[in-house]
There are 2 protein chains.
Amino acid sequence: MSRGDARDRLVQAAIDLIWTSSYGAVSVDAICERAQVRKGSFYHFFASKDDLVVTALDTHWGTRRPVLDEIFSASRPPLQRLQRYFAHISERQGEVREQYGRVLGCFHHAVGSECVQKPTAVAAKAQELSLALRRYLETALRDAQGEGALPPGDPVAAAKSLFAFVTGALTQARVHDDLELLRQLPQTAWLALGMAGPPQRST
Amino acid sequence: MSRGDARDRLVQAAIDLIWTSSYGAVSVDAICERAQVRKGSFYHFFASKDDLVVTALDTHWGTRRPVLDEIFSASRPPLQRLQRYFAHISERQGEVREQYGRVLGCFHHAVGSECVQKPTAVAAKAQELSLALRRYLETALRDAQGEGALPPGDPVAAAKSLFAFVTGALTQARVHDDLELLRQLPQTAWLALGMAGPPQRST
DNA sequence: GTTGTAGATGACTGTTTAGTCAAGTTCGAG
DNA sequence: CTCGAACTTGACTAAACAGTCATCTACAAC
C-alpha cells in the first residue's frame with residue numbers, strides 16, 4: 001500500500017458508508033474496517049470523526065464541481081444549462097444506482113438535513129455546499145432573464161423554488177429507490193418556473 | 001402523576017427530541033431524562049427504542065390526520081382543498097417555529113429520509129405515513145381532473161411531482177430555518193401542476 | 001386485610017462508542 | 001549507516017449506549 005493510500009481509503013469509505021446509510025449510523029470503527037485501516041492511523045490523519053466527514057464532503061464535492069462547471073458553462077445558453085442539468089441528474093443517479101445498488105440522492109444534502117440542528121463543522125460544510133449548488137441555478141436564471149429567455153422576477157426566489165423541487169425529487173427518489181420522478185425532471189422542472197415545457201433549440 | 005402519564009410523556013419527549021435533532025442523535029437516556037421517567041419504566045411501556053419511535057410517529061400522525069381530513073374534505077372543491085393545504089403548511093410551520101423555536105419541517109419525513117436504508121419498523125412506519133399523506137394529494141388531483149378543473153393526466157405522477165415539491169420546500173425551510181419559501185407555496189405550488197396561479201373562487 | 005396487578009425504581013450487564021498512546025515499522029535524505 | 005519524519009499498530013480508556021432485573025409501591029378487587 002503506497003503513500004497516502006490509507007487516507008484516501010478512509011475518505012472513500014466514509015462517503016460510501018454515510019451516503020448509503022446516514023451520518024449518525026456510521027461509526028469510526030465501521031469506517032476503519034471498510035477502509036482496512038487501524039484506529040490509530042485514523043487519528044493520525046484526522047482529528048475527529050467530524051473532521052473526516054468534512055473532508056469527505058469536500059472530496060465528494062470536488063468530483064461533482066467540474067461536472068457542474070461544464071454543465072453551467074457561461075458559454076452555453078442559460079436555459080440549455082438548466083436543461084442539461086435536469087438531464088444530468090437522472091443520468092447521474094442511474095450511475096449511482098449501478099455503483100451502489102440503490103438510488104442515493106444528493107450526498108451533502110442527505111448529511112445536511114440530518115445534521116442541521118446542532119451547528120457543527122459538518123452541518124456548516126453541508127450547508128455551504130448546498131448553497132454553492134443553488135448558486136449555479138441562480139446564475140443561470142439571472143442570465144436567462146437578462147437575455148429575455150425567462151420573464152423578469154426575483155432570480156433568488158426562483159432558484160429557491162427550483163432548488164426545493166430538485167432536492168425534493170432527489171430525496172423522494174432516494175426514499176423509494178425510484179428513478180421515475182428524476183426521469184420526468186427535464187419535463188416537469190420547467191413547470192416550477194412557470195414555463196409550459198423545455199425551451200426550443202435555437203440552432 | 002396519574003395513570004399512563006409517564007407513557008405519554010415518553011412519547012412526547014421522543015417527538016420533541018427527534019424532531020428537533022434526528023433519530024440517530026437521540027438516546028433512550030435522553031428521552032427518559034426529558035420525560036422525567038426512569039429507564040426501567042421506559043422498558044415497562046416499550047419493548048425497545050424503535051418501538052417507542054414507531055409509537056411516536058403514529059401519535060404525531062394522529063394529531064395531524066383530523067386536520068388533513070378537514071382540509072381535504074370531499075365536500076370541498078378539489079382545487080380549494082389543495083389551496084387550503086398549501087396555506088396550512090406555512091401556517092402550521094409558523095406555529096412549530098413558535099413552539100420549538102425553529103422551523104422543523106415534516107416530522108415523519110425527516111425520520112424517514114434518515115432511516116430509509118436499513119428496513120426497520122421505524123423506516124416502514126415513516127414510509128407508510130409518507131404514502132398516506134401523498135394519497136391526499138392524489139385524490140384531490142384525481143377529483144380535480146374528474147370535474148375538469150385540471151387537464152387530464154396521470155394523477156399519481158402529478159401527485160408525486162407535487163409531493164416532491166412540497167417536501168423539498170419543507171426540508172429547505174427546515175435547513176435554513178426560513179418560512180419564506182413556504183409562504184410562497186400557495187402561489188408557486190400551482191406551477192408544479194402546470195397552472196399559472198391559484199384557482200378563482202367560484203362563489 | 002389479603003392479594004393481584006400496573007407501574008416505578010435504581011443498580012446492573014455487556015457492548016459499542018470516540019478517542020489516546022507508546023512502541024513499532026518503513027523509507028528517503030544526508 | 002544514521003537519523004528523522006511519515007506512517008502503522010494493537011492495546012488501552014472512559015463514556016455512552018440499549019436493554020435487564022429484582023425489588024418496591026400504590027391501589028383496586030374481593
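For the numbers below, each heavy atom of this structure counts, side chains included, while hydrogens, waters and symmetry mates do not. Fair warning: this is a prediction, and the values are worked out from it, not measured in the lab. Reminder, nothing fancy here: chain letters follow the sequence lines and each chain counts from 1.
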(request) Would you mind reading off the distance between A:E33 atom CD and C:dT17 atom C1', rounded to a whole angstrom? (result) 15 Å
(message) Can you identify which nucleotide, out of D:dG19, D:dT8, C:dT17, has its nearest atom closest to the B:Y43 side chain?
(response) D:dG19
(message) I want to check one thing: is the phosphate of D:dC7, taken as OP1 and OP2, less than 4.0 Å away from some side-chain N or O of A:H44?
(response) yes
(request) Could you tell me whether A:F72 and A:Y85 have their ring centroids closer than 6.0 angstrom? (result) yes
(message) Rounded to whole Å, please give me the gap between NZ in B:K49 and P in C:dT16.
(response) 15 Å
(message) Rounded to whole Å, how long is the line connecting atom CZ of A:R38 with atom C1' of C:dA18?
(response) 18 Å
(request) Examine distances only and state if a side-chain atom of B:R7 and a backbone atom of B:F46 form a donor-acceptor pair shorter than 3.5 Å. (result) no
(message) For the residue pair A:Y43 / A:D51, report whether a side-chain donor-acceptor contact shorter than 3.5 Å exists.
(response) no
(message) Could you tell me how far apart A:F46 (CZ) and C:dT20 (P) are, to the nearest whole angstrom?
(response) 15 Å
(message) Any N or O donor-acceptor pair under 3.5 Å from the base of C:dA11 to the side chain of B:K39?
(response) no
(message) Tell me the interatomic distance from B:D29, atom CG, to D:dA18, atom C1', rounded to whole angstroms.
(response) 8 Å
(message) Using whole Å, what does the distance between atom P of nucleotide D:dT8 and atom CG of A:D8 come to?
(response) 11 Å
(message) Can you see whether A:Q12 engages A:D16 through a side-chain donor-acceptor pair at a distance of less than 3.5 angstrom?
(response) yes
(request) Select one nucleotide: of D:dT9, D:dC7, C:dA8, the one nearest the side-chain heavy atoms of A:F45. (result) D:dC7
(request) May I ask you to establish whether A:K49 and A:Y23 are in a cation-pi arrangement, using a distance under 6.0 Å from NZ or CZ to the six-membered ring centre and at most 45° from the ring axis? (result) yes
(message) Output the rounded distance in Å from CG (A:D5) to P (C:dT26).
(response) 17 Å
(message) Side-chain N or O of B:S27 versus OP1/OP2 of D:dC17: is the shortest distance under 4.0 Å?
(response) yes
(request) Using atom CZ of A:F42 as one end and atom P of D:dG10 as the other, report the distance to the nearest whole Å. (result) 17 Å
(request) Select from A:V28 and A:S41 the residue whose nearest nucleotide in DNA chain C is closer to the 5' end of that strand. (result) A:V28
